[in-house]
Amino acid sequence: MELSSPDRAARAALRFPLPGQPRVLGPLSGGLIHETWLVEAGTTRWVLQRLNRNVFRDVDAVMRNFSAVVEHLGRCTTSLGLSEPQRRALALVPARDGRSWTEDDAGGAWRCTGYIAHTETKLRAASPADAREAGRAFGEYTRLMEGFTAPLAMTIPGFHHTGGRLEALERTAERDPVGRAASVAAELEVVDEFRALAHVLSPLMAAGGIPTRPAHNDAKIANLLFDDTTGRSLAVIDLDTVMPGSALHDVGDLIRTTVGSAEEDGPDARTMQVRPEYFAALIEGWFAGAEGVLTADERELTLTAGRILTFEQAVRFLTDHLEGDHYYPVSRPDHNLHRAQAQLALLIDLTERSEALEEIIAAS
Ligand code: GN1
Ligand code: MG
């Protein structure tokens with residue numbers, strides 16, 4: 001999706017009943033799928049997003065899910081008496097026509113939420129404390145969502161169907177639409193070595209071996225808002241993939257995004273390694289946040305889930321590289337390949353250290 005001009009964002013902002021003339025302060029970075037802008041109107045700031053309609057085909061369904069989840073989390077915050085409830089939940093600003101989102105002349109789908117002041121997002125954990133807090137926040141999300149009963153639309157069918165993701169990669173490698181398959185033979189071989197990981201979670205869920213939950217499905221540290229003075233996570237954001245899923249998808253994504261030594265796409269990505277002290281902190285936070293909710297099997301499969309989600313993300317990045325970079329935005333040659341290589345390096349290290357990491361889990 002091409003970045004809109006600030007002018008287009010400013011025109012979109014006019015479609016919402018903000019107090020006074022909105023000013024676009026600039027893009028908010030971090031997400032790969034939507035486009036996000038910080039807007040000021042009067043003395044208050046707002047977040048304006050253009051949703052990626054190639055990825056999310058049914059915007060109404062996305063927004064129904066979004067509203068139901070935000071309402072539920074807001075109710076939990078109030079009934080549990082958590083501090084600063086107004087800073088813990090995203091507040092949707094309906095468009096002037098009363099709808100939850102609005103369409104611009106070029107077909108862009110825009111929504112607006114309140115900006116929670118004095119918060120920051122983190123692309124990766126900079127300390128074990130960050131990892132612990134990320135685990136705690138998503139664990140708490142899992143716990144609070146136990147009481148969520150509203151129906152949820154499947155906004156992206158097969159999102160964490162790892163087997164389907166692997167098949168897609170293999171089909172694309174076969175078709176080789178942009179002639180890159182030969183140059184990634186080594187990566188395809190590593191993927192093949194780990195292919196058993198593609199057939200663990202979906203069959204288990206289908207057989208009822210692990211509970212289906214209203215999972216977040218994109219539980220990366222970048223999808224949390226942290227208080228910029230206390231370092232506590234206040235709110236879970238990016239709720240567009242909340243769908244029936246598994247807590248293991250969420251803890252798996254947390255492992256994938258917090259314990260690695262390198263950024264998802266940084267220059268040193270191929271040397272990506274596990275940071276065991278971050279892993280220990282993450283697991284401690286996750287089990288504490290989700291206390292009383294996880295089944296024995298869900299606890300047992302924690303590390304396996306981390307390996308599966310890392311594998312799945314490698315497969316998705318590699319598929320997009322072979323497709324010619326249509327899904328994830330790229331800003332340099334082989335960007336998606338480097339992302340895939342980083343995930344594979346992490347997967348290999350998670351696997352090599354399995355014994356030590358399983359001990360950490362057993363001791364938590
Ligand atoms: C995307 O939009 P963002 O950056 O929060 C993607 C996730 C991937 C992630 C990789 C809808 O999330 O599934 O894990 O990039 N979201 C979608 O960083 O595909
Ligand atoms: Mg995001």
Side-chain angles (χ1 to χ4, degrees), residues 1 3 27-37 47 49-59 61-63 65-66 69 90 109 111 113 121-125 134 137-138 141 152-162 164-166 168-169 201 215-225 235-243 245-246 248-260 262-266 269 272 305-321 323 325-331 335-344 346-347:
M1 192 167 82
L3 192 71
L28 286 170
S29 59
L32 294 178
I33 302 298
H34 300 320
E35 169 185 302
T36 308
W37 298 86
V47 175
Q49 276 189 310
R50 181 160 69 93
L51 306 189
N52 188 323
R53 301 184 86 167
N54 290 326
V55 171
F56 293 97
R57 303 268 164 184
D58 185 348
V59 180
V62 166
M63 293 309 294
N65 283 4
F66 179 94
V69 173
L90 296 176
R111 79 170 158 219
T113 51
T121 51
K122 304 184 182 206
L123 290 185
R124 53 193 290 265
F138 275 108
Y141 165 87
L152 281 172
M154 276 288 183
T155 49
I156 306 181
F159 192 59
H160 281 310
H161 191 286
T162 318
R165 297 289 190 181
L166 179 59
L169 172 64
L201 288 184
H216 183 279
N217 290 310
D218 191 8
K220 52 184 198 178
I221 190 168
N223 285 334
L224 292 173
L225 288 183
V236 169
I237 58 172
D238 203 343
L239 301 166
D240 301 321
T241 49
V242 173
M243 286 179 278
S246 162
L248 288 167
H249 294 138
D250 287 353
V251 72
D253 252 337
L254 281 167
I255 292 174
R256 180 181 83 73
T257 58
T258 53
V259 312
E263 278 168 50
E264 193 170 79
D265 64 349
M272 174 87 100
R307 295 175 60 235
I308 291 170
L309 271 286
T310 306
F311 171 81
E312 182 183 289
Q313 194 61 55
V315 165
R316 292 178 62 192
F317 284 144
L318 197 54
T319 306
D320 200 33
H321 177 68
E323 286 284 357
D325 310 309
H326 296 312
Y327 191 92
Y328 293 108
V330 288
S331 51
H335 199 161
N336 273 315
L337 175 59
H338 297 156
R339 288 171 171 144
Q341 287 167 338
Q343 298 298 306
L344 291 175
L346 183 61
L347 171 59

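Counting starts at 1 for both ligands and their atoms, following the listed order.
- When only interatomic distances are considered, the shortest N/O to N/O separation between Thr241 and ligand 1 does not fall below 3.5 Å.
- Taking both residues in full, the closest heavy atoms of Ala305 and Leu248 are given as CB-O, 3.3 Å, listed atom of the first, atom of the second, then distance.
- Contact annotation: the side chain of Leu318 approaches that of Leu337 to within less than 4.5 Å [non-hydrogen atoms, C-beta and beyond].
- With distances taken over non-hydrogen atoms, the option nearest atom 15 (O) of ligand 1 out of Asp238, Leu309, Leu32 is Leu32.
- Residue contact check: Arg256 has heavy atoms under 4.0 Å from atoms 10 (C), 14 (O), 18 (O) of ligand 1.
- Where the criterion is an N or O separation shorter than 3.5 Å, residue side chain and backbone included, His34 fails it with respect to ligand 1.
- For Phe56, the ring pair (Phe, Tyr, Trp, His ring centres under 6.0 Å) test picks out His34, with sequence neighbours left out.
- With sequence neighbours left out, Thr162 forms a side-chain hydrogen bond (donor to acceptor under 3.5 Å, both in side chains) with Glu312.
- Proximity to Asp218 (heavy-atom distance under 4.0 Å) selects the following atoms of ligand 1: 3 (P), 5 (O), 7 (C), 12 (O), 14 (O), 16 (N).
- When Phe56, Tyr328, Tyr327, Phe317 are ranked by how near their heavy atoms come to atom 17 (C) of ligand 1, first place goes to Tyr327.
- Any N or O atom pair closer than 3.5 Å counts here, and Lys220 shares at least one such pair with ligand 1.
- Considering only heavy atoms from C-beta on, Thr155 stays 4.5 Å or farther from Asp240 through its side chain.
- Between Arg124 and Glu264 there is no salt bridge, since none of the side-chain N atoms of the basic residue sits less than 4.0 Å from a carboxylate O of the acidic one.
- Proximity of Asp240 to ligand 1, defined as any heavy-atom pair under 4.0 Å, is not found for any part of the residue.
- Heavy-atom contacts of Gly31 reach the following atoms of ligand 1: 4 (O) (cutoff under 4.0 Å).
- Ligand 1 does not have Arg339 within reach: every non-hydrogen atom of the residue lies 4.0 Å or more from it.
- Distances shorter than 4.0 angstrom occur between a heavy atom of Arg316 and an atom of ligand 1.
- Put simply, the residue from Thr36, Asn223, Thr121, Asn217 that forms a side chain to side chain donor-acceptor pair (under 3.5 Å) with Asp238 is Asn223.
- Side chains of Asp253 and His216 form no contact here, defined as non-hydrogen atoms less than 4.5 Å apart.
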